[in-house]
Amino acid sequence: MHIVLSNSSPLPIYEQIKEQIKTQILSGELCENEMLPSLRQLAKDLKISVLTTTRAYSELDEEGYITSRQGKGFFVMPSGSDLLREQLIKEVEHNLNSAILAANRASITDDELLKLLKILLDSQPIYEEN
């Protein structure tokens, strides 16, 4: 897990941590059930307060991105979890919305856009998780 903090960012430190972890989870960089650094270890690595890492992890837990396992630590939620699935669907909707706006600017018709989506879907390998 790689986190870069910026003192010039308008976001508080805990929010920067939270957003970067969310991004890494949604992109697949952090895999489901992957163990995250402990609160103390992350605080030590980033040279910040444990309270700050606690807040970031707590909010990620509440939002369904990670889960705490008693005595074991924090882990990335499985992609099958309802809350994480909801977030992934929101990401897909956002990306599709961007594609639709770009298609409109390029004067691509709905039929052309659907054909393009079908071509892309057919050319992408689909990985099923067991």
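- At a threshold of 4.5 Å between non-hydrogen side-chain atoms, the residues Leu26 and Tyr65 count as touching.
- In this structure, the separation between CE on Met77 and CG on Leu60 is 11.5 Å, given to the nearest 0.5 Å.
- The shortest non-hydrogen separation linking Ile21 to Met1 is CG1-SD, 3.7 Å.
- Through direct or relayed side-chain contacts under 4.5 Å between Ile, Leu, Val, Met, Phe, Trp and Tyr, Ile89 connects to no other residue.
- The list of salt bridge (Lys or Arg N to Asp or Glu O under 4.0 Å) pairs with a residue in residues 104-121, not counting sequence neighbours, reads Lys118-Asp122.
- Nearest heavy atoms, Pro78 versus Asn33: CG-OD1, 3.8 Å.
- Summarising the hydrophobic clusters (Ile, Leu, Val, Met, Phe, Trp, Tyr; side-chain heavy atoms under 4.5 Å, direct or chained), the residues clustered with Leu120 are Leu116.
- Of the possible polar contacts, none joining the Gln41 side chain to the Ser38 backbone as a donor-acceptor pair under 3.5 Å is found.
- Side-chain N or O atoms of Gln24 include one that pairs as donor or acceptor with a backbone N or O of His2 at under 3.5 Å.
- Minimum heavy-atom separation, Thr67 to Asp61: CA-OD1, 3.8 Å.
- A ring pair (Phe, Tyr, Trp, His ring centres under 6.0 Å) check over residues 40-64, counting only residues at least two apart or in different chains, returns the pairs Tyr57-Phe74.
- In this structure, CG in Leu36 is found 8.5 Å from CG in Leu42, a value given to the nearest 0.5 Å.
- Minimum heavy-atom separation, Thr53 to Val50: OG1-O, 2.8 Å.
- In this structure, Glu34 contributes its side chain and Val76 its backbone to no donor-acceptor pair below 3.5 Å.
- Between atom CD of residue Glu63 and atom CD1 of residue Ile25 there is a gap of 10.0 Å, rounded to the nearest 0.5 Å.
- Atoms NZ and CD1, on Lys18 and Ile66 in that order, are 11.0 Å from each other to the nearest 0.5 Å.
- To the nearest 0.5 Å, atom CD1 of residue Ile108 and atom CG of residue Leu114 are 11.5 Å apart.
- Taking 4.0 Å as the cut-off between side-chain N and carboxylate O, Lys90 and Glu93 do not count as a salt-bridged pair.
- When all heavy atoms of Ile17 and Leu46 are compared, the pair lying nearest together is CD1-CD1, 3.8 Å.
- Residue pairs meeting the salt bridge (Lys or Arg N to Asp or Glu O under 4.0 Å) criterion with at least one partner in residues 35-57, sequence neighbours excluded, are Arg55-Glu59.
- With rounding to the nearest 0.5 angstrom, the CD atom of Glu91 is 10.5 Å from the CG atom of Leu96.
- Contacts of Ser27 classified as side chain to side chain contact (heavy atoms under 4.5 Å, CB included), with partners at least two apart in sequence or in another chain: Glu29.
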